[in-house]
Peer 1: 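I'd like to ask some things about the structure below.
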Amino acid sequence: MSIVVVGAGLAGATAVTELRDKGYGGDIVLIGAEAHFPYERPPMSKGFLMGSQKFDEALVRDQSWYEDENVDVRLGTRATRIDLERKVVHTEPVSGDGPSVEVPYEQLLLATGAKARVLDMGEDVGPIRTLRTVDDSIALRRFLKPDAHVAIIGGGWIGLEVASAARQAGARVTVFEAGELPLLRVLGTEVATVFADLHRGKGVDLRLNAHVSPDDLSGADVIVGAIGVIPEVSLAEEAGLAVDNGVLVDASLRTSDASVYAVGDIANQEHPILARRIRVEHWDNAIEQAKVAAHNMLGGHEQYDRQPYFFTDQYELGMEYVGNPGPEGYDRVDIEGPTNVLDGDAFRAFWVRNGTVVAAMHANDWDASDVIRDSIGTAR
């Protein structure tokens, strides 16, 4: 059997690793558009961006592992088309310098990830940078220095992590957030306020309900657009796979074609526990979905039922969050412990709907990682 993985990121590399760990000795081709071997993206807005972590530490596996495991890694290569009937992936060099190549498969895994949304505010503003790849992080890092002014449009996870890195480097930081609070949609008023207070306490000029104009950005040494990502589904859509806010997959991560699976940022999954579709753009999801898909490509019948999880590191604050309230939302948030994280406080928060915990998090309380995960679905 031959397995082709399109997308040489964390999900793709994890799937390849799992296939070999489970004893699969057949052909594996891993196709990636970037020139780098697969790496984890969280450090690109955290330790690597700040210069405290080397790129090699972010690699999923070093080059020698792929060589030793006989994985055919094709970097700098773009998958341009999938022929589902013939079971062939068409590829070409990203550089355009080289022939198109057909790569046959018996099982195909799509792990094409997402791309950053791009802002264009015209010539008066100039280029607005995004942060998605290691090359983006390297380019941005040179602006993180004392006396530089970093303007960030968007107060989500990436925007706030860049703000944290920039302030710790001594830069002046302005964050423009369209909402009433940063992370309001994800965390709600009570916990979003904690993050707003944290950044203001660290000297960030946090502008809420902001409508950004070119004048607001004048004088900035660099402008970062952090307004979310778009799943890379064009390859799947053009092939004729079912697509709607991602590639539609069932609970086993299989697409509308029985020989094709999709994982990570692009997978809009029928979640067996949440009883609805969900697409998750986080590190843990990329890893754990890739493992399940690998098992199923080898004949397994597993369902992916893990609760969504994400984490962030900002200044001295470390946070983990599990669960998903979904469109029904929640009735209340129960907070245990003091929330002045500027003073090093640790707390736990529980989002409750109809007397049941639907999401939970901790801040700076690392003994609570299992507690918050185990709390999902319990009465409160």
Peer 1: Crowded around Q53 CD? As in, over 12 foreign heavy atoms under 6.0 Å?
Peer 2: yes
Peer 1: Taking side chain as C-beta onward, heavy atoms only, is L140 less than 4.5 Å from L131?
Peer 2: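 Yes, side chains in contact.
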Peer 1: Assess the side chains of S64 and D62: does a donor N or O sit below 3.5 Å from an acceptor N or O?
Peer 2: yes
Peer 1: Decide, yes or no, whether a salt bridge links D265 with R132 under the criterion of side-chain N to carboxylate O below 4.0 Å.
Peer 2: yes
Peer 1: Nearest heavy-atom pair of G154 and E177: which atoms, and what distance?
Peer 2: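 So the two residues come closest at C-OE1, 3.9 Å.
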Peer 1: Using a 4.5 Å cut-off on heavy atoms from C-beta on, say whether the side chain of M1 contacts that of L298.
Peer 2: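 Answer yes - side chains close enough.
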Peer 1: Determine, for D205 against R207, whether the closest basic-nitrogen to carboxylate-oxygen distance falls under 4.0 angstrom.
Peer 2: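 Result for this pair is yes, salt bridge flagged.
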Peer 1: Side chain of D83, backbone of K87: donor and acceptor closer than 3.5 Å?
Peer 2: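 Absent.
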Peer 1: Can a salt bridge be assigned to the pair R348 and D334 using a cut-off of 4.0 Å between side-chain N and carboxylate O?
Peer 2: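 A salt bridge is absent here (no side-chain N lies under 4.0 Å from a carboxylate O).
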Peer 1: Provide the closest heavy-atom pair for T189 versus L184 in the form atom of the first, atom of the second, distance.
Peer 2: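 Closest pair (atom of T189, atom of L184, distance): N-CD1, 3.6 Å.
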Peer 1: Could you check whether K202 pairs with E316 (Lys NZ or Arg NE/NH1/NH2 to Asp/Glu carboxylate O, under 4.0 Å)?
Peer 2: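 Salt bridge between K202 and E316, a charged N being under 4.0 Å from a carboxylate O: yes.
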Peer 1: Provide the closest heavy-atom pair for H199 versus S164 in the form atom of the first, atom of the second, distance.
Peer 2: CE1-N, 4.1 Å
Peer 1: State yes or no: are the ring centers of Y321 and Y309 separated by less than 6.0 Å?
Peer 2: no
Peer 1: Does E281 come within less than 4.0 Å of R279, counting only side-chain N to carboxylate O?
Peer 2: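 A salt bridge links E281 with R279.
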Peer 1: When you compare the side chains of T14 and K291, does any donor N or O come within less than 3.5 Å of an acceptor on the partner?
Peer 2: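 No, no side-chain donor-acceptor contact under 3.5 Å.
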Peer 1: Charged N to carboxylate O below 4.0 Å: is that the case for R41 and E34?
Peer 2: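 Result for this pair is yes, salt bridge flagged.
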Peer 1: Give me the one residue out of W157, W283, W366 that meets ring pair (Phe, Tyr, Trp, His ring centres under 6.0 Å) with F311.
Peer 2: W283
Peer 1: Looking only at the side chains, is there a donor atom on one of S252 and H301 sitting less than 3.5 Å from an acceptor on the other?
Peer 2: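 Looking only at side-chain atoms, H301 and S252 do not form any donor-acceptor pair under 3.5 Å.
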Peer 1: Over all heavy atoms of both residues, which pair between I31 and A79 is shortest? Give the atoms and the distance, please.
Peer 2: CG2-N, 4.4 Å
Peer 1: Do the side chains of E328 and R353 get close enough for a salt bridge, i.e. N-O under 4.0 angstrom?
Peer 2: yes
